Amino acid sequence: MRLSPASLAAALLTVRGQIRMSSSLPVAAVCQMTATPDKEANFSACTRLVEQAKEGGASMVFLPEGFDYIGSSREETLALSESLDGDIITRYTHLARKLDLWLSLGGFHERGHDWKTDRRIYNSHVIINGKGEVVSVYRKAHLFDVELTSKGVSLKESAFTVAGPRLLPPVQTPIGKVGLGVCYDLRFPELSSALQRHGAEILTFPSAFTVATGAAHWEVLLRARAIETQCFVLAAAQVGSHHSRRASYGHALAVDPWGGVIGDCGGADVGVALVQIDLQTLRDVRRDMPVRQHRREKDFYCSLD
(Lines give C-alpha, C1' and ligand atoms only; values in the text may rest on other atoms or scores of the structure.)
Protein backbone atom coordinates (compact mmCIF):
# COMPACT_ATOMS: atom_id res chain seq x y z
CA MET A 1 0.00 0.00 0.00
CA ARG A 2 1.35 3.45 -0.94
CA LEU A 3 0.65 6.10 1.70
CA SER A 4 -0.10 9.72 0.91
CA PRO A 5 2.54 12.22 2.15
CA ALA A 6 0.33 13.17 5.09
CA SER A 7 -0.32 9.54 6.00
CA LEU A 8 3.35 8.73 5.59
CA ALA A 9 4.33 11.52 7.96
CA ALA A 10 1.78 10.33 10.51
CA ALA A 11 2.99 6.75 10.15
CA LEU A 12 6.57 7.84 10.68
CA LEU A 13 5.60 9.68 13.83
CA THR A 14 3.65 6.72 15.17
CA VAL A 15 6.05 3.94 14.23
CA ARG A 16 9.21 5.79 15.23
CA GLY A 17 7.62 6.77 18.50
CA GLN A 18 6.76 3.16 19.26
CA ILE A 19 10.30 2.06 18.47
CA ARG A 20 11.70 4.74 20.74
CA MET A 21 9.57 3.55 23.65
CA SER A 22 11.26 0.16 23.57
CA SER A 23 14.77 1.47 23.00
CA SER A 24 17.35 3.72 24.62
CA LEU A 25 18.44 5.17 21.27
CA PRO A 26 18.14 8.96 20.89
CA VAL A 27 15.53 10.35 18.52
CA ALA A 28 15.95 13.23 16.08
CA ALA A 29 13.05 15.15 14.53
CA VAL A 30 13.44 16.37 10.95
CA CYS A 31 10.85 19.04 10.20
CA GLN A 32 9.14 20.30 7.08
CA MET A 33 7.30 23.64 6.87
CA THR A 34 6.11 26.35 4.50
CA ALA A 35 7.54 29.69 5.59
CA THR A 36 6.09 32.98 4.33
CA PRO A 37 7.05 36.61 4.96
CA ASP A 38 4.84 36.48 8.10
CA LYS A 39 7.34 35.95 10.93
CA GLU A 40 4.72 35.52 13.64
CA ALA A 41 2.84 32.84 11.68
CA ASN A 42 6.12 31.07 10.95
CA PHE A 43 7.09 31.03 14.64
CA SER A 44 3.69 29.59 15.56
CA ALA A 45 4.04 26.87 12.89
CA CYS A 46 7.55 25.97 14.04
CA THR A 47 6.48 25.89 17.67
CA ARG A 48 3.78 23.35 16.83
CA LEU A 49 6.33 21.19 15.00
CA VAL A 50 8.79 21.38 17.89
CA GLU A 51 6.10 20.50 20.43
CA GLN A 52 4.96 17.61 18.25
CA ALA A 53 8.55 16.37 18.08
CA LYS A 54 8.89 16.61 21.86
CA GLU A 55 5.72 14.55 22.30
CA GLY A 56 7.23 11.93 19.99
CA GLY A 57 10.32 11.62 22.15
CA ALA A 58 12.83 13.71 20.18
CA SER A 59 15.87 15.10 21.96
CA MET A 60 16.94 17.32 19.04
CA VAL A 61 14.76 19.05 16.45
CA PHE A 62 15.91 20.22 13.02
CA LEU A 63 14.13 23.14 11.32
CA PRO A 64 14.80 24.16 7.71
CA GLU A 65 16.55 27.06 6.05
CA GLY A 66 14.35 30.13 6.21
CA PHE A 67 12.47 28.88 9.28
CA ASP A 68 12.16 32.52 10.38
CA TYR A 69 10.72 33.76 7.05
CA ILE A 70 11.11 33.69 3.29
CA GLY A 71 10.82 37.19 1.84
CA SER A 72 9.18 38.07 -1.45
CA SER A 73 11.88 40.56 -2.49
CA ARG A 74 15.42 41.59 -1.64
CA GLU A 75 14.13 44.65 0.18
CA GLU A 76 11.67 42.64 2.29
CA THR A 77 14.26 39.99 3.08
CA LEU A 78 16.67 42.60 4.40
CA ALA A 79 14.02 44.57 6.29
CA LEU A 80 12.84 41.49 8.20
CA SER A 81 16.33 40.36 9.22
CA GLU A 82 17.56 40.47 12.81
CA SER A 83 20.70 40.09 14.87
CA LEU A 84 21.41 36.99 16.96
CA ASP A 85 20.28 38.80 20.08
CA GLY A 86 17.02 39.90 18.47
CA ASP A 87 13.46 38.75 19.12
CA ILE A 88 13.37 35.57 16.98
CA ILE A 89 16.43 33.79 18.35
CA THR A 90 15.54 34.91 21.87
CA ARG A 91 12.11 33.28 21.49
CA TYR A 92 13.71 30.04 20.27
CA THR A 93 16.13 29.98 23.20
CA HIS A 94 13.14 30.25 25.53
CA LEU A 95 11.36 27.46 23.63
CA ALA A 96 14.40 25.16 23.83
CA ARG A 97 14.75 25.77 27.55
CA LYS A 98 11.03 25.30 28.21
CA LEU A 99 10.94 21.95 26.40
CA ASP A 100 14.50 20.87 27.30
CA LEU A 101 15.26 20.26 23.62
CA TRP A 102 18.20 20.96 21.37
CA LEU A 103 17.30 22.96 18.25
CA SER A 104 18.98 23.20 14.85
CA LEU A 105 17.77 26.44 13.26
CA GLY A 106 19.13 26.22 9.78
CA GLY A 107 19.07 29.37 7.75
CA PHE A 108 18.47 32.36 10.03
CA HIS A 109 18.61 35.75 8.31
CA GLU A 110 21.31 37.29 10.51
CA ARG A 111 22.28 40.91 10.05
CA GLY A 112 25.96 41.06 9.07
CA HIS A 113 28.72 42.59 11.13
CA ASP A 114 28.77 45.66 8.85
CA TRP A 115 24.98 45.95 8.64
CA LYS A 116 24.91 49.72 9.19
CA THR A 117 27.22 50.36 6.26
CA ASP A 118 26.44 47.63 3.71
CA ARG A 119 23.01 46.25 4.73
CA ARG A 120 23.89 42.64 3.99
CA ILE A 121 23.12 39.47 5.96
CA TYR A 122 24.47 36.04 6.75
CA ASN A 123 22.54 32.82 6.18
CA SER A 124 23.25 31.38 9.61
CA HIS A 125 22.74 27.91 11.08
CA VAL A 126 22.16 28.34 14.82
CA ILE A 127 22.40 25.49 17.36
CA ILE A 128 20.66 25.97 20.70
CA ASN A 129 21.04 23.50 23.56
CA GLY A 130 18.40 22.29 26.00
CA LYS A 131 19.32 25.05 28.46
CA GLY A 132 18.45 27.69 25.89
CA GLU A 133 22.06 28.60 25.10
CA VAL A 134 23.37 29.33 21.61
CA VAL A 135 26.31 26.92 21.31
CA SER A 136 27.27 27.28 17.64
CA VAL A 137 26.59 29.60 14.69
CA TYR A 138 27.73 28.45 11.25
CA ARG A 139 27.37 30.97 8.43
CA LYS A 140 26.64 29.46 5.02
CA ALA A 141 29.80 29.36 2.92
CA HIS A 142 28.47 28.57 -0.56
CA LEU A 143 25.90 31.04 -1.89
CA PHE A 144 23.22 30.05 -4.40
CA ASP A 145 23.87 32.21 -7.48
CA VAL A 146 22.17 30.21 -10.22
CA GLU A 147 20.43 30.94 -13.53
CA LEU A 148 18.62 27.88 -14.87
CA THR A 149 16.67 29.63 -17.60
CA SER A 150 15.10 26.50 -19.05
CA LYS A 151 13.79 25.49 -15.61
CA GLY A 152 12.61 28.89 -14.44
CA VAL A 153 15.14 29.16 -11.62
CA SER A 154 16.86 32.51 -11.06
CA LEU A 155 18.36 33.30 -7.67
CA LYS A 156 21.36 35.40 -6.69
CA GLU A 157 21.92 34.95 -2.98
CA SER A 158 25.14 36.97 -2.99
CA ALA A 159 23.18 40.10 -3.88
CA PHE A 160 22.23 40.45 -0.23
CA THR A 161 24.15 37.72 1.65
CA VAL A 162 27.75 37.54 2.86
CA ALA A 163 29.50 34.18 2.51
CA GLY A 164 30.58 32.66 5.82
CA PRO A 165 34.33 32.73 6.46
CA ARG A 166 34.94 29.23 7.81
CA LEU A 167 33.68 25.78 8.77
CA LEU A 168 32.98 25.06 12.42
CA PRO A 169 33.86 21.95 14.44
CA PRO A 170 31.04 19.40 14.84
CA VAL A 171 28.86 20.01 17.89
CA GLN A 172 28.43 17.34 20.56
CA THR A 173 24.67 16.91 21.02
CA PRO A 174 22.40 14.33 22.67
CA ILE A 175 22.15 12.45 19.35
CA GLY A 176 25.85 12.55 18.44
CA LYS A 177 28.40 14.92 16.91
CA VAL A 178 26.61 17.14 14.38
CA GLY A 179 28.46 18.82 11.49
CA LEU A 180 26.78 21.95 10.17
CA GLY A 181 25.97 23.00 6.61
CA VAL A 182 23.16 24.88 4.90
CA CYS A 183 21.35 23.95 1.66
CA TYR A 184 23.70 24.71 -1.28
CA ASP A 185 26.66 23.55 0.86
CA LEU A 186 25.32 20.07 0.13
CA ARG A 187 26.76 20.23 -3.39
CA PHE A 188 30.35 20.54 -2.16
CA PRO A 189 31.57 17.17 -0.88
CA GLU A 190 34.79 18.70 0.43
CA LEU A 191 32.76 20.37 3.18
CA SER A 192 31.19 17.10 4.30
CA SER A 193 34.53 15.27 4.19
CA ALA A 194 36.18 17.95 6.31
CA LEU A 195 33.44 17.72 8.93
CA GLN A 196 33.70 13.93 9.00
CA ARG A 197 37.48 14.11 9.44
CA HIS A 198 36.89 16.31 12.47
CA GLY A 199 34.56 13.84 14.12
CA ALA A 200 31.10 14.39 12.63
CA GLU A 201 28.72 11.46 13.01
CA ILE A 202 25.71 13.36 11.69
CA LEU A 203 25.67 15.92 8.89
CA THR A 204 22.78 18.33 8.57
CA PHE A 205 21.71 20.41 5.59
CA PRO A 206 18.62 22.46 6.40
CA SER A 207 17.31 23.60 3.03
CA ALA A 208 14.83 25.38 0.82
CA PHE A 209 15.56 23.58 -2.45
CA THR A 210 13.76 24.80 -5.54
CA VAL A 211 11.25 22.41 -7.09
CA ALA A 212 13.37 21.94 -10.24
CA THR A 213 16.68 21.26 -8.49
CA GLY A 214 15.02 19.25 -5.75
CA ALA A 215 13.33 16.85 -8.15
CA ALA A 216 16.62 16.28 -9.97
CA HIS A 217 19.22 16.27 -7.20
CA TRP A 218 17.92 16.44 -3.61
CA GLU A 219 17.74 12.79 -2.60
CA VAL A 220 20.73 11.62 -4.62
CA LEU A 221 22.98 14.33 -3.14
CA LEU A 222 21.92 13.59 0.44
CA ARG A 223 22.43 9.87 -0.02
CA ALA A 224 25.80 10.47 -1.70
CA ARG A 225 27.03 12.58 1.22
CA ALA A 226 25.91 9.87 3.65
CA ILE A 227 27.65 7.12 1.68
CA GLU A 228 30.88 9.09 1.18
CA THR A 229 31.25 10.11 4.80
CA GLN A 230 29.50 7.14 6.42
CA CYS A 231 27.47 9.60 8.49
CA PHE A 232 23.80 10.03 9.21
CA VAL A 233 22.45 12.92 7.15
CA LEU A 234 19.48 14.95 8.39
CA ALA A 235 17.93 17.52 6.08
CA ALA A 236 14.95 19.58 7.18
CA ALA A 237 13.20 21.23 4.26
CA GLN A 238 10.80 23.90 3.11
CA VAL A 239 7.81 22.72 1.06
CA GLY A 240 5.18 24.33 -1.15
CA SER A 241 4.47 27.93 -2.12
CA HIS A 242 5.97 30.67 0.07
CA HIS A 243 4.58 33.54 -2.01
CA SER A 244 3.87 34.22 -5.69
CA ARG A 245 7.55 34.18 -6.66
CA ARG A 246 8.93 31.13 -4.86
CA ALA A 247 8.14 27.51 -4.02
CA SER A 248 10.17 24.68 -2.47
CA TYR A 249 10.50 20.97 -3.18
CA GLY A 250 9.97 19.48 0.28
CA HIS A 251 10.92 15.87 1.05
CA ALA A 252 12.70 16.57 4.33
CA LEU A 253 14.91 13.48 4.59
CA ALA A 254 16.90 11.42 7.04
CA VAL A 255 19.54 9.08 5.63
CA ASP A 256 21.58 6.44 7.44
CA PRO A 257 25.35 5.85 7.03
CA TRP A 258 24.73 3.11 4.44
CA GLY A 259 22.77 5.56 2.28
CA GLY A 260 19.30 4.28 3.11
CA VAL A 261 16.43 6.73 3.50
CA ILE A 262 14.97 6.26 6.98
CA GLY A 263 12.61 9.25 7.01
CA ASP A 264 10.82 11.29 4.31
CA CYS A 265 8.18 13.95 4.95
CA GLY A 266 6.95 13.87 1.35
CA GLY A 267 6.52 16.67 -1.15
CA ALA A 268 3.22 18.26 -0.18
CA ASP A 269 2.58 18.71 3.53
CA VAL A 270 4.01 20.24 6.67
CA GLY A 271 5.19 17.55 9.07
CA VAL A 272 7.82 15.84 11.20
CA ALA A 273 9.78 12.63 10.66
CA LEU A 274 11.10 11.04 13.84
CA VAL A 275 14.17 8.85 13.38
CA GLN A 276 16.40 6.94 15.74
CA ILE A 277 20.12 7.66 15.64
CA ASP A 278 21.94 4.39 16.23
CA LEU A 279 25.64 5.26 16.39
CA GLN A 280 26.51 1.56 16.64
CA THR A 281 25.20 1.21 13.09
CA LEU A 282 27.58 3.98 12.06
CA ARG A 283 30.51 2.29 13.79
CA ASP A 284 29.66 -1.03 12.12
CA VAL A 285 29.55 0.56 8.65
CA ARG A 286 32.87 2.30 9.19
CA ARG A 287 34.44 -0.90 10.54
CA ASP A 288 33.23 -3.13 7.71
CA MET A 289 34.20 -0.65 4.97
CA PRO A 290 37.04 1.46 6.39
CA VAL A 291 36.95 4.15 3.70
CA ARG A 292 38.70 6.74 5.82
CA GLN A 293 41.66 4.41 6.39
CA HIS A 294 41.83 3.70 2.67
CA ARG A 295 41.95 7.39 1.74
CA ARG A 296 45.34 8.44 0.36
CA GLU A 297 47.40 11.33 1.69
CA LYS A 298 46.32 14.85 0.68
CA ASP A 299 49.17 15.29 -1.80
CA PHE A 300 47.90 12.30 -3.81
CA TYR A 301 44.63 14.03 -4.63
CA CYS A 302 46.47 17.17 -5.66
CA SER A 303 48.90 15.33 -7.94
CA LEU A 304 47.13 16.52 -11.11
CA ASP A 305 47.28 20.18 -10.10
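These figures come from a predicted structure and were not determined experimentally. Quick note: residue numbers are just sequence positions, from 1.
Looking at Leu186 and Val233, their side chains never come closer than 4.5 Å, going by heavy atoms from C-beta outward. Looking at His142 and Leu191, their side chains come closer than 4.5 Å, going by heavy atoms from C-beta outward. His109 has its side chain within reach of Thr77: a pair of non-hydrogen atoms, C-beta onward, lies under 4.5 Å apart. Phe67 places none of its side-chain heavy atoms less than 4.5 Å from the side chain of Pro206. Taking 4.5 Å as the limit, every side-chain heavy atom of Val61 sits out of range of all side-chain heavy atoms of Leu49. Side-chain contact between Thr90 and Asp85 is absent, with no heavy atoms from C-beta onward closer than 4.5 Å. A 4.5 Å side-chain heavy-atom check between Asp269 and Gln32 finds every atom pair outside the cut-off. Within the 4.5 Å cutoff, the side chain of Leu84 has no heavy atoms near those of the Val134 side chain.
Distance CG/Leu167 to OG/Ser192: 9.5 Å, rounded to 0.5 Å. Taking CE from Met289 and NE2 from His294, the interatomic distance works out to 9.5 Å, rounded to the nearest 0.5 Å. Taking OG from Ser24 and CG from Asp278, the interatomic distance works out to 9.0 Å, rounded to the nearest 0.5 Å. Atom CD1 in Ile127 sits 8.0 Å away from atom OG1 in Thr173 (nearest 0.5 Å). In this structure, Ile227 CD1 and Leu222 CG are separated by 11.0 Å, a value rounded to the nearest 0.5 Å.
The aromatic rings of Phe188 and Tyr184 lie perpendicular to each other, with more than 60° between the two planes, well past the 30° mark.
His242 has its ring centre no less than 6.0 Å from the ring centre of Tyr69.
Remark: of the listed residues Tyr249, Trp218, Phe144, Trp218 is the sole one forming a ring-ring contact (aromatic ring centres under 6.0 Å, His included) with Phe209.
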**Request:** Kindly indicate, with the supporting measurements, whether the criterion ring-ring contact (aromatic ring centres under 6.0 Å, His included) is fulfilled by Tyr92 and Phe108.
**Result:** CA-CA 12 Å; Tyr92 277 100; Phe108 168 64; 9.0 Å; no
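Checking side-chain atoms of Asn129 against main-chain N and O of Trp102 turns up no donor-acceptor pair under 3.5 Å. For the pair Glu65 (side chain) and Gln238 (backbone), a donor-acceptor distance under 3.5 Å is absent. The backbone N or O of Asp299 lies less than 3.5 Å from no partner atom in the side chain of Ser303, so there is not a single donor-acceptor pair. Looking only at distances, no side-chain donor or acceptor of Asp68 sits under 3.5 Å from a matching main-chain atom of Lys39.
A salt bridge links Glu228 with Arg225: at least one charged nitrogen is closer than 4.0 Å to a carboxylate oxygen. Ion pairing of Arg286 with Glu201 is absent here, as no side-chain N (NZ or NE/NH1/NH2) approaches a carboxylate O to less than 4.0 Å.
Side-chain contact, Gln196 with Thr229: no donor N or O sits under 3.5 Å from an acceptor N or O. A donor atom on one side chain and an acceptor atom on the other are found under 3.5 Å apart for Asp185 and Tyr138. With 3.5 Å as the limit, one finds no donor-acceptor pair spanning the side chains of Arg111 and Ser83.
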